[in-house]
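Okay, structure first, notes after.
For reference, positions follow the sequence shown, starting with 1.
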Amino acid sequence: MIPPRISFDAEKLLFLVLSLFPIVITLSNGTHPAVAQGSNNSNPTTIAVNVGVILDLETQVGQMGLTCINMSLSDFYSSNPSFKTRLVLNVRDSKRDELAAAAAALDLIKNKQVQAIIGPQGSAQADFLVHLADKSHVPIVSFSATSPPLSSLRSPYFLRAAQIDSSQVNAISDVIQAFGWKEAVLIYVDSEFGAGFIPSLTIALEEVNTRVPYRSPISPAATDDQILQELYKLMTMQTRVFIAHVLPTLGSRLFAKAKEVGMMREGYVWILTNGITDLLSSVDSSVVASSMQGLLGIKTYIPDTPNLDNFMVRWRMKCQQENPSVHNPTLNIFGYRAYDAAWALAMAVEKMGATNFTYQMLNASTDTTDLDKFGVSQNGQKLLQELANMTFAGLTGNFRLVNGQLESTVFQIVNVNGNAARGIGFWTLENGLVRDLYSFSTTKYSTNIGSIIWPGDSTSVPKGWEIPTNGKRLKILVPVKHRFLQFVKVTQDPSTNTFQVTGYCIDIFRAVIEKLPYAVAYDLIPFAFTDGRNAGSSYNDMIDQVFYKNYDAVVGDTTIIANRSLYVDFTLPYTESRLAMLVPYKDSKNKNAWVFLKPLTWDLWLTTGCFFVFIALVVWILEHQINEEFRGPVAHQVGTSFWFSFSIMVFAQRERVFSNLTRFVVIVWFFVVLILTQSYTASLSSLLVVQNLQPTVADVDQLLKSGEKVGYVQGSYVYGMLKQMKFDDSRLIYYHSPEECDALLSKGSAKGGIAAAFDEIPYIKLVLSQYCNKYTMIPTLKTAGFGFIFPKGSPLVPDISRAILNVTEGPQMTEIENTWFPSKSNCLDSTNSISSNSLDLDSFWGLFLIAGAAAVLALFFSMVMFVKKSWPEVTSSSGSLWEKICVLGRRFYQRDLDPYTSREARDRNTNGGGNEIAAIETSENTNCPSSPSRDFVRQETLAKTTTI
């Protein structure tokens with residue numbers, strides 16, 4: 001299949017490359033070895049595979065990379081001598097030039113028919129080479145091109161054997177979030193390396209609510225004066241958190257100048273990306289020791305392994321052999337990655353087997369350019385697949401390509417102290433910030449890392465911002481009000497044409513500013529024209545001024561509303577957060593004929609009645625066998641049992657009980673009834689005697705149904721909320737002052753006034769402070785309260801909010817409220833304005849549980865004793881089971897003449913049987929009719945006497 005043509009711009013560029021091709025190749029060829037160390041081209045059993053290497057050999061990274069590539073291939077083939085393939089390196093020097101890199105790649109593909117290219121070194125160079133790779137199907141494996149925009153090319157033939165720069169942005173944002181910094185300035189090198197990284201970092205910071213107020217690009221060729229000019233600009237800003245994404249060459253000059261102007265003192269925060277921390281060994285140690293102390297950094301984590309230590313020793317020996325004048329050669333992450341990239345490529349080629357490593361030449365017309373005469377590698381796709389599936393333990397850890405780039409899951413957090421960077425923790429994709437790789441953080445944004453020495457040798461965490469000493473004073477708007485002047489009052493001195501601002505909100509703001517740990521200079525500026533007239537029609541006009549950055553804040557009785565928070569930031573509220581309605585009192589003394597039922601709720605009434613019936617049943621079960629008071633006809637037994645139970649309520653029962661179990665139940669029931677009656681009496685007394693001032697309106701629903709009119713302050717956002725509550729405009733009346741509100745409420749809705757006034761709690765309290773005997777406040781909707789307004793992302797907001805908490809939780813808040821809202825001494829006690837609530841079952845269920853448990857326990861013991869006593873009689877019967885149950889039932893209904901429980905038995909033992917009969921006869925000779933129970937006793941007694 002013929003590959004698609006590359007873009008027109010790329011063709012023009014490559015055409016320019018082809019025109020300069022002979023010159024560039026002449027300069028770059030013939031000076032570097034073309035065969036990898038350890039290869040054996042004379043061995044007829046091995047297959048030579050051409051591979052290109054494009055590096056900036058004039059740089060330290062290029063020289064180090066080439067050395068590591070040669071060592072990698074030497075180690076690979078020495079440890080695997082039986083392998084059939086050998087990589088032959090064709091090295092080209094790109095001379096730090098994109099054009100030279102493109103020309104070198106063109107030469108390698110067209111003339112050497114390389115199967116892959118290791119390189120190039122820079123991201124800008126790789127951008128050109130990707131098009132050639134797509135056209136020729138030659139994989140390009142770069143170990144140092146880390147710019148994120150290269151991924152947007154979506155070329156399958158560009159493989160990055162390195163971690164993309166954007167893989168560290170989440171680690172940086174987590175550090176920012178862990179210390180609570182809300183703003184950060186980005187400083188970066190103005191090149192492909194820097195500009196491609198900044199969008200990813202900005203997005204990551206926005207996800208943790210960190211604002212980027214300024215981006216500072218610095219040219220790689222910037223002079224010291226230009227760097228100083230940019231640093232002076234940064235010093236005039238409030239933000240003191242700087243994230244630097246630069247290379248060592250620019251970074252060493254940048255930090256030296258920052259130290260010079262005082263930006264390395266206490267209070268500053270510098271966070272370095274791995275663009276400089278990974279190469280810190282190449283930075284002049286004097287610069288590190290003098291100008292980079294206290295900096296935080298994100299560094300690529302490389303686990304310490306024996307293979308790595310062995311390689312470093314061998315590499316130093318090789319460098320000293322090749323360059324005896326270099327006493328301390330440096331090796332960094334790019335050398336390790338070059339080693340792993342070459343190893344992966346050699347292994348992938350070997351896995352392909354004895355393949356014909358040739359190009360397929362395409363038929364081209366006579367009028368085509370050299371671009372159209374490119375051949376296509378027949379093994380490019382297969383080699384690409386082998387590299388994508390490659391996994392092995394490399395020098396930098398597990399080598400595995402994910403979506404064409406090296407997988408990255410761990411970064412090390414370092415703190416620059418002395419001449420090197422000290423590890424203080426790690427960042428992992430799964431756990432966020434952790435002290436070590438074997439610990440787990442309870443939250444992703446915790447500061448669970450080691451101790452940090454900040455710039456200025458400080459151990460205190462910088463707050464991340466400060467008011468610049470050379471900065472301007474804060475311009476704070478205050479509203480000009482003509483009503484409710486207790487909140488904000490602006491008075492103008494005609495002689496000096498100056499304004500004096502006082503009020504409840506102003507005193508709170510001044511108290512909050514005094515609580516800050518630093519000084520804040522500000523000016524209160526009335527939102528008015530020179531003649532004193534208000535400059536806006538509503539508070540939203542003031543908020544617009546802050547949004548457009550004409551002013552720095554708004555202080556006043558400004559309500560926190562969701563719509564406003566889209567444009568500005570609010571502090572925490574300093575007032576109660578509710579919308580309330582003000583309604584008149586009414587005397588609600590209970591004059592209802594059924595008021596005696598109100599002390600108890602219906603469920604408590606029902607439970608009490610059920611327990612009276614239950615106790616009556618329990619007493620009858622326990623007494624009817626031994627107590628003649630509970631015997632006789634059914635109606636008599638029922639009446640006696642209920643009479644006994646209900647008479648306990650007034651302690652007027654006359655029946656005696658003889659069973660100890662009954663006495664136990666009755667004593668507990670006495671206790672329950674006593675508490676119930678006392679509680680009922682107290683509740684009823686409060687309903688009839690205590691004055692209960694009740695509101696004329698209970699809730700908003702009652703107002704909506706009644707159709708009465710309501711009021712609100714003119715110009716307030718409350719009007720919109722009333723409309724949302726379904727109030728018609730015809731029912732809405734506005735007022736301007738507490739006096740006008742009182743007049744409307746006094747009239748009432750029927751006489752052209754209002755039935756209720758809606759406003760926020762601070763305004764309602766102001767009215768109540770003047771008319772506390774006439775009105776009461778009923779909270780309705782939840783609101784956010786009053787707050788101070790600042791621009792979006794202002795670093796002052798967190799500190800001001802914390803200071804508000806200190807003020808509102810202390811006695812100073814009460815003093816300010818008493819100063820501006822003094823209460824009248826003749827106001828009714830609020831406790832008298834609360835109606836008595838009915839007693840409910842929740843307050844007494846424990847008593848009923850005790851009484852019920854006592855009754856059930858008594859019944860259980862009574863049944864056990866009855867069955868035990870009657871069991872011989874039941875077992876002696878020869879009838880069926882049902883007949884035995886009937887015998888047991890008749891026995892339960894009969895009298896029990898036990899001498900220890902029966903009253904009649906005790907009387908017989910004392911007076912003899914004759915006395916019993918005499919008593920019965922005496923009853924017969926009287927004129928009064930005998931009770932049913934007496935008749936029943938007499939019949940049973942005569943029957944037993946006859947038997948005797």
query: Given the rule in the side-chain contact (heavy atoms from CB on, under 4.5 Å) test, do L406 and R160 qualify, once you have shown the distances and angles that lead to the verdict?
result: CA-CA 6 Å; L406 194 63; R160 202 190 318 246; over 6 Å; no
query: When you look at T396 and D340, which way does the side chain to side chain donor-acceptor pair (under 3.5 Å) test go after all the steps?
result: CA-CA 8 Å; T396 59; D340 289 344; 3.1 Å; yes
- request: Apply the test side-chain contact (heavy atoms from CB on, under 4.5 Å) to residues L279 and F334: give CA-CA distance (whole Å), side-chain angles for both, the deciding distance (0.1 Å), then the verdict.
  value: CA-CA 9 Å; L279 307 176; F334 293 120; 3.6 Å; yes
- prompt: Can you list the steps and then say if Q125 with D56 is a side chain to side chain donor-acceptor pair (under 3.5 Å)?
  reply: CA-CA 10 Å; Q125 297 170 348; D56 297 334; 3.2 Å; yes
message: Walk me through whether D284 and S286 qualify under side chain to side chain donor-acceptor pair (under 3.5 Å).
response: CA-CA 5 Å; D284 188 351; S286 62; 3.0 Å; yes
- prompt: Do L87 and Y77 pass the side-chain contact (heavy atoms from CB on, under 4.5 Å) test, and can you show the C-alpha distance, the side-chain angles, and the key distance before you say yes or no?
  reply: CA-CA 10 Å; L87 296 188; Y77 293 120; 3.4 Å; yes
Evaluation steps, salt bridge (Lys or Arg N to Asp or Glu O under 4.0 Å), between D97 and K95: CA-CA 5 Å; D97 184 71; K95 301 181 181 299; over 6 Å; no
query: Does the pair N419 and S285 meet the rule for a side chain to side chain donor-acceptor pair (under 3.5 Å), with working shown?
result: CA-CA 6 Å; N419 294 327; S285 59; 5.3 Å; no
task: Output, in order, the C-alpha distance, side-chain angles, deciding distance and verdict of side-chain contact (heavy atoms from CB on, under 4.5 Å) for L57 and V91.
output: CA-CA 10 Å; L57 296 177; V91 183; 3.9 Å; yes
- request: Decide ring-ring contact (aromatic ring centres under 6.0 Å, His included) for F197 and Y188; before the verdict, give the C-alpha distance in whole Å, the side-chain angles of both, and the deciding distance to 0.1 Å.
  value: CA-CA 9 Å; F197 170 74; Y188 59 98; 9.0 Å; no
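Within the 4.5 Å cutoff, side-chain heavy atoms of Y301 are placed close to those of L437. Counting heavy atoms from C-beta on, the side chains of L383 and V349 come closer than 4.5 Å. Using a 4.5 Å heavy-atom threshold, the side chains of L331 and Y336 count as touching. The side-chain heavy atoms of I271 and L295, taken from C-beta on, include no pair separated by under 4.5 Å. Residues L55 and V53 have side chains in contact (heavy-atom distance under 4.5 Å, counting atoms from C-beta outward). Using a 4.5 Å cut-off on side-chain heavy atoms (C-beta onward), I276 and F255 make contact. At a threshold of 4.5 Å between non-hydrogen side-chain atoms, the residues L254 and I187 count as touching. No side-chain heavy atom of S142 sits under 4.5 Å from any side-chain heavy atom of I118.
The environment of E58 atom CD is dense: over 12 non-hydrogen atoms of other residues, nucleotides or ligands sit within 6.0 angstrom. Counting non-hydrogen atoms of other residues, nucleotides and ligands closer than 6.0 Å to CG of N403 gives a total of 12 or fewer.
Rounded to the nearest 0.5 angstrom, S281 OG and I333 CD1 are separated by 11.0 Å. Atom CE of M312 is separated from atom CZ of R316 by 4.0 Å, given to the nearest 0.5 angstrom. Rounding to the nearest 0.5 Å gives a distance of 9.0 Å between CZ of R337 and OG of S144. Rounded to the nearest 0.5 Å, atoms NE2 (H245) and CG (L201) are 9.0 Å apart. Rounding to the nearest 0.5 Å gives a distance of 3.5 Å between CD1 of I413 and CD1 of I298. Separating the CG atom in L73 from the CG atom in D75 is a distance of 9.0 Å, to the nearest 0.5 Å.
In terms of modelled atom types and a separation under 3.5 Å, the side chain of N310 and the main chain of P306 share no donor-acceptor contact. Between the side chain of D278 and the backbone N or O of K299 there is no donor-acceptor pair closer than 3.5 Å. The main-chain N or O of C68 is never found under 3.5 Å from a side-chain atom of S72 such that the two would form a donor-acceptor pair. Side-chain atoms of Q405 do not come within 3.5 Å of backbone N or O of I164 as any donor-acceptor pair. Listed for the Q293 side chain is a donor-acceptor partner under 3.5 Å among the backbone atoms of V288. Side-chain atoms of T428 come within 3.5 Å of backbone N or O of N431 as a donor-acceptor pair. The backbone N or O of E192 sits less than 3.5 Å from a side-chain atom of S147, completing a donor-acceptor pair. For S74 (side chain) and N70 (main-chain N/O), no donor-acceptor pair under 3.5 Å exists by modelled atom type. Looking only at distances, no side-chain donor or acceptor of D127 sits under 3.5 Å from a matching main-chain atom of S123. Checking side-chain atoms of N274 against main-chain N and O of T277 turns up no donor-acceptor pair under 3.5 Å.
A salt bridge links D107 and R92; the closest N-O separation between the charged side-chain nitrogens and carboxylate oxygens is under 4.0 Å. Taking a cutoff of 4.0 Å between a charged side-chain nitrogen and a carboxylate oxygen, E386 and K351 do not qualify as a salt bridge.
For the residue pair F193 and V189, the shortest heavy atom distance occurs at CD2-CG1, 3.5 Å. Taking each heavy atom of A48 and V88 in turn, the nearest pair found is CB-CG2, 3.8 Å. Closest heavy-atom contact between I54 and S94: CG2-CB, 3.8 Å. Closest approach of A161 to L401, counting heavy atoms only: CA-CD2, 4.3 Å. Heavy-atom minimum distance, I453 versus R422: N-NH2, 4.1 Å. The shortest non-hydrogen separation linking P303 to G397 is CG-CA, 4.2 Å.
The aromatic ring centroids of W343 and F399 lie 6.0 Å or more from each other. Ring-centre distance between F143 and Y339: not below the 6.0 Å cut-off.
A donor-acceptor pair shorter than 3.5 Å cannot be found between the side chains of T300 and Q412. S219 and D190 share no donor-acceptor pair across their side chains, judged by distance under 3.5 Å alone.
Classified by interplanar angle (parallel below 30°, tilted 30° to 60°, perpendicular above 60°), the ring pair F411/W427 is tilted.
Each of H137, Q113, Q115 was checked for a side chain to side chain donor-acceptor pair (under 3.5 Å) with S377, and the lone residue meeting it is Q115.
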